[in-house]
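The first residue in the sequence is number 1, and the count goes up from there. Because the structure is a prediction, the values reported are computed rather than measured.
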Amino acid sequence: MGRFSRRGFLAATTAGAAVATTGGAASAAPAGKKSTSCVPQPGVTTVGSGDPRYQELVHRGFNARFAATPDRVHVVHSAEQTADVVTEAVKAGRQLAVRSGGHCFENFVDHRDVRALIDTSPMRAVYYDERHRAFAVQPAATLGEVYRTLFHDWGVTLPAGVCPQVGAGGHVAGGGYGPLTRRDGTVVDHLYGVEAVVVKAGGNARVVTATREPDDPNRELWWAHTGGGGGNFGIVTRYLFRTPGAEGGDPSALLPKPPTRLRSTYVTWPWADLNLARFTRLVTNFSRWYEGNGSDPRYASLYSTLHLNTHAIGAVSLEARFDGGRPDAAELIERYVAAVNEGTGLEPAVEHQDDLWLQATLGARFDTGGYDRHKSKSAYLRRTWTPERIAVVHKHLTDAAFDGWGAVDLYSYGGKVNTVAADATALPQRDSILKAWFSVTWMDPELDEMHLRWIRELYRDVFADTGGVPVPNADHDGCYINYPDTDLADPRWNTSGVPWHTLYYKEGYRRLQQVKAEWDPRGVFRHPLSVRLP
């Protein structure tokens, strides 16, 4: 069965609304990029249901619970082609969606009402844009491609997600995070600008660029993409990255530099050794460590996940990544593991692995599940769960009537993230210590009801005191839009009286609505959890 759940290493930051990635022809070199290729840029490829390519394109999503059935799929290679296709769809009255990396957990792209699917998979360039003095990343570039290109060519990186197969498209727009986030902030904390295809009141699509410059008239459109979620305001055709305060024209000084090496530690506690008391101590130790040590500069590079797997998986596990270039790395990690295990009375299996940073980051142990069926939920934790809440988690994970592959993963958070003002970006959760990701995966469609019931009841019961959802309060701070959950808009599962958009965006939702009214007044870009017009 392996060391971890097959979901255990699933991306901490899969994409929100309009995400995707797949192979495709290389696009022509964008402005600011020197090209050595003479290959001409292809035109738009339009595929209907009778084309043998259709099924491949519409089934390119992450979650096999949903399959797109558009009238046509348009494979685009540039911002201009994207604008042409959008204009045509708007004039024809076709609801559209965009796919870049394909890792959306819900049916935002694969919704039954979508009649035109725009596939940006050929748009995966990563390069330095001299005019903007920023790194450009096209939407279908996978995080692995971004990491490899930025590091090989300039020795820099972004604090984005842990899963190299995820596309930049929706990951960035939803405020992606990952292994370097506690040291360097979220990925949107380094977002300088966006190039996007938008549709104003007249119905014609056009390409605009918005930056964080104070005098940029399009600045609010940039702000909306710093955590406002994909598929809301337009189609991003290029992200521009430069760390705030970075000076000069040397690209190697404009983004963070990664560690030279990673020390990875894997710890497992078999379920056979875990009773409720030991389980409670383990979860409490893990969480309280981040309450008390989250700002310790020695541990700024620490990224860890406590995988609270179902009993069917066989074990609870901890994965920790740390800057292996520090001379005290081994000692600090040993102290950390000891603190998490303290008082449990157990001797877990502990393994260490030292790798070069890029090799470890691009490692093949991240199983994104392919065509698995899937359901996710999320929560931000401001402090450690109470013993009563942990007991609820334990009850559902050990339920003998459920033998599926599910987990509650607790991800380290905070650090540099929490030094940014809550309204500086559309990502408003800026004082949490952990993120919780509730997930379940399965293969057989006939088992949908069983698995959905399990995760829905688990989540409802964990947050029973606040209407079945993590209402922002002293304990929690809502939810993460890149782990979208349409149940939050369903009064059967959200009885809190707090609307779904408050759970995701808090007070910033009104500002996002104003951006929506300015840049998408016709409501062209919409899905079940999209920002609504005022």
Side-chain angles (χ1 to χ4, degrees), residues 17-18 30-33 78-84 86-87 90 98 120 123 127-139 168-170 172-175 186-247 249 254-255 420-428 505-526 530-534:
K33 179 178 176 64
S78 69
E80 292 71 26
Q81 289 181 5
T82 304
D84 290 342
V86 170
T87 296
V90 171
V98 59
T120 68
M123 301 175 63
Y127 60 97
Y128 180 64
D129 185 314
E130 294 180 0
R131 184 165 70 90
H132 289 99
R133 201 166 59 86
F135 292 94
V137 175
Q138 289 186 313
V172 175
T186 70
V187 68
V188 293
D189 295 337
H190 302 264
L191 184 63
Y192 173 75
V194 292
E195 176 189 86
V197 172
V198 298
V199 181
K200 300 282 270 198
N204 289 322
R206 63 190 179 99
V207 183
V208 300
T209 298
T211 72
R212 66 174 178 237
E213 296 294 345
D215 59 351
D216 188 335
N218 301 335
R219 191 177 190 276
E220 283 296 278
L221 183 62
W222 160 81
W223 180 86
H225 285 88
T226 60
N232 278 314
F233 312 102
I235 298 176
V236 174
T237 51
R238 215 166 46 127
Y239 289 106
L240 298 168
F241 294 100
R242 188 205 318 149
T243 299
E247 301 291 342
L254 300 182
L255 283 178
V420 177
D423 62 353
T425 64
L427 180 71
Y505 303 120
K506 300 174 65 176
E507 293 79 9
Y509 184 66
R510 292 182 181 179
R511 186 173 172 184
L512 289 171
Q513 286 186 294
Q514 294 303 316
V515 178
K516 181 77 168 179
E518 171 68 18
W519 292 99
D520 184 25
R522 301 168 64 106
V524 170
F525 303 100
R526 60 188 186 273
S530 60
V531 173
R532 308 296 195 248
L533 287 166

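In this structure, R212 contributes its side chain and L191 its backbone to a donor-acceptor pair below 3.5 Å. Using modelled atom types, one side-chain atom of R242 and one backbone atom of H132 make a donor-acceptor pair closer than 3.5 Å. R522 places a side-chain N or O within donor-acceptor distance of the main-chain N or O of A201, the cut-off being under 3.5 Å. In this structure a side-chain-to-backbone donor-acceptor pair under 3.5 Å is missing from Y509 to V531. Judged purely by atom type and a 3.5 angstrom limit, T226 uses its side chain to pair as donor or acceptor with the backbone of A426. Not one N or O on the side chain of D129 forms a donor-acceptor pair closer than 3.5 Å with the backbone of A136. Looking only at distances, a side-chain donor or acceptor of Q513 sits under 3.5 Å from a matching main-chain atom of R532.
Taking each heavy atom of V98 and I235 in turn, the nearest pair found is CG2-CG2, 3.8 Å. Closest heavy-atom contact between P534 and A517: CD-CB, 3.8 Å. Contact between E220 and V515 at its shortest, heavy atoms only, is O-CG2, 3.7 Å. Summarising the geometry of A205 relative to T87, their closest heavy-atom pair is N-OG1, 2.9 Å, with the distance given to 0.1 Å. Between T82 and S78, the shortest heavy-atom distance links the atoms OG1-O, 2.8 Å. The two residues A83 and V207 come nearest to each other via the heavy atoms CB-CG2, 4.3 Å.
In this structure, CZ on R131 lies 6.5 Å from OG1 on T209, to the nearest 0.5 angstrom. Taken to the nearest 0.5 Å, the NE2 atom of H190 stands 15.0 Å off from the CG atom of L240. Atoms CZ and CG, on R526 and L533 in that order, are 10.0 Å from each other to the nearest 0.5 Å. Atom CZ of R238 and atom OH of Y127 lie 4.0 Å apart (nearest 0.5 Å). Here H225 contributes atom NE2 and Y239 contributes atom OH; the two are 6.0 Å apart, rounded to the nearest 0.5 Å. Atom-to-atom distance recorded for T243:OG1 and L255:CG is 4.5 Å, nearest 0.5 angstrom.
The aromatic ring centres of Y192 and F241 sit 6.0 Å or more apart.
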Open item on the list: L427 vs V420, test: side-chain contact (heavy atoms from CB on, under 4.5 Å). Steps then yes/no.
Closed with: CA-CA 10 Å; L427 180 71; V420 177; over 6 Å; no
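No hydrogens or angles considered: a donor-acceptor pair under 3.5 Å links the side chains of D189 and T186.
Considering V524, N232, V208, V199 as possible partners of W519, the one that fulfils the side chain to side chain contact (heavy atoms under 4.5 Å, CB included) test is V208.
Counting heavy atoms from C-beta outward, K516 and F525 have side chains that approach closer than 4.5 Å. Looking at heavy atoms from C-beta onward, V188 lies in side-chain contact with V172 at the 4.5 angstrom threshold.
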